[in-house]
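Report on one structure; see the data block that follows.
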Amino acid sequence: MEERSQWGTRAGFILAAIGSAVGLGNIWRFPAEAYANGGGAFFIPYLFALLTAGIPILIMEFTMGHKYRGSAPLTYRRMHKKTEGIGWWAVLVAFVISTYYSVIIAWAISYSYFSLNLTWGDDTEGFLFGDYLQLAETEGQIGSLVPGVFFPLIVVWIVVLGVLIRGVKRGIEIANRIMIPTLVIVFLIIVMRAITLPGAITGLDAFFKPDFTEILSPTVWVAAYGQIFFSLSIAFAIMITYSSYLPKKSDITNNAFITGFSNSSFELLAGIGVFAVLGFMATSQGVAIDDVVAGGVGLAFVVFPAIINEFPAFGQFFGLLFFLSLVLAGFTSLISIVETYVAGLSEKFNISRTKAVLIGGGIAALISLIYSTNGGLYFLDTVDYFINQFGVAALGLVEVILIAWILRKIGVFKTHANEISDIRLGSWWTISLGVITPIVLGYMMIDLLRLNLTRGFDTETGNYEGYSNIFIMWSGWVVAIAALVIGIVLAIVKWKSNPEEGEYDER
Ligand code: PHE
């Protein structure tokens, strides 16, 4: 095994963890989720989820990585021989996410360029699906590669794999040290411009106006927990991998709080920016906020270009900054997602980092080409829906039940974290992980299965419901289940290095 890499500085680690957490989810998912689930009132379940699941699990994963000093599979194996498969399952979920997350960054690169002369014209929706993505008529058709997506996608992979080949300290850390401060500056400019637009206040009003009637509904709580999991990159192998490069003396608990609060602050900032411009758009068109609200692909690539068209001045510049922020936020997350399997492969098969990057990243890059074909968006939509649902609910649930109830590691982990951290963990942490999180995730899982199974395959996936059962089965269920099955297979494969070798805390 190669000598284990380490972060150069504490700030380097924190920036990388924040870089992983702050991603597309903050910019295009949070604002729409909050708005749809009670507006200002959403902050109550959201903060509750952050404090009872988000930060506790972050502390737990930081502790696991720091204690066992391995990628997710190695960490799970060192925790208990029979649990390696869960680590691989998490890594495979990350692998699948990386295959389409990269494609969205590629779109954002194209759109950064388009914003220079507002290439999208007046019909931004027609432009996205027709001119740019050249979307096939129906789902399941593949067609051929779309050059406008293919070329920026190649750039994305070259950058990410290039960063990863340079290693933890010289690659990941430096990339985040440059990209995260730049992202914050760019985003602050965006938000300042946004809130000074005419009509901005109408949007902010709609965003913050609390609707307390919603707060007792389980869907709102499920949405809050879902957002926290996705947004903090927990239960995806990522934070375990990153914290395995921490030096011995590291304040785990404090780092987790800093990461969690920074991520939420960025989320709030994004909510303000997005709703300010939505308010501007609604006002200038004389319509209600409800008519312009969107999330995901629709928000970034249809609504935003339309808003930029209407800008009083310097719309091009605003557009460039916005898409640039998507690119930066996306890159720092993608780097963390790919690192999970780079680390996993290099340890298990005893190969160099460079080889692991080229093999793992190479396969992911090849698979990502599917999403740059005419039928790409349909696949992306379905895979994203399924892998996230199962990533969030199933993996998180298995993780906390295993650690809190089966292996009963909470006490040992608490001692480990407390020995090196300023903030002492007490019963808040134990109860959150042992009781609250399992109950909420268990409920989410049952609800999810009920929803998906009782409706047969007639699931509404994302924005493009109405897909055929056979399509949903293959690109949804099969992909999600394959991640689990291949994970178990990889756990059975013999280690090419000695997993016991190396310095770690065995208790
Ligand atoms: N947390 C990041 C985001 O908000 C990236 C991410 C998404 C990581 C999904 C893992 C899974 O976009």
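Ligands are counted one by one from 1 in listed order, and the atoms in each one are counted from 1 as well. Residue indices begin at 1 and follow the sequence shown.
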Would you mind listing which atoms of ligand 1 come within a distance below 4.0 Å of any non-hydrogen atom of [X]?
X      : answer
Asn26  : 4 (O)
Ser20  : 1 (N), 2 (C), 5 (C)
Ser333 : 2 (C), 5 (C)

Are Tyr443 and Tyr225, when compared by the centres of their aromatic rings, separated by less than 6.0 Å? no

Could you tell me whether the side chain of [X] and the main chain of [Y] form a donor-acceptor pair under 3.5 Å?
X      : Y      : answer
Trp88  : Ile488 : no
Lys348 : Pro73  : no
Tyr35  : Ala206 : no
Glu33  : Gln227 : no

Ring geometry between Phe323 and Trp120 (parallel below 30°, tilted from 30 to 60°, perpendicular above 60°): tilted

Hey, what's the ring geometry for Phe42 with Tyr46, parallel, tilted or perpendicular (30° and 60° as the breaks)? tilted

Ligand 1 and [X], any nitrogen or oxygen pair closer than 3.5 angstrom?
X      : result
Phe236 : no
Leu24  : yes
Ile337 : no
Ser233 : yes

Distance-only side-chain donor-acceptor flag, Ser233 / Tyr242, under 3.5 Å: no

Does Ile238 reach ligand 1, in the sense of a heavy atom lying below 4.0 Å from it? yes

Pick one of side chain, backbone, both or neither for how [X] approaches ligand 1, counting any non-hydrogen atom pair under 4.0 Å.
X      : value
Val22  : neither
Phe230 : both
Ala21  : backbone

Looking only at protein heavy atoms, identify the closest one to atom 12 (O) of ligand 1 and say how far it is in Å. Tyr101 OH, 2.6 Å

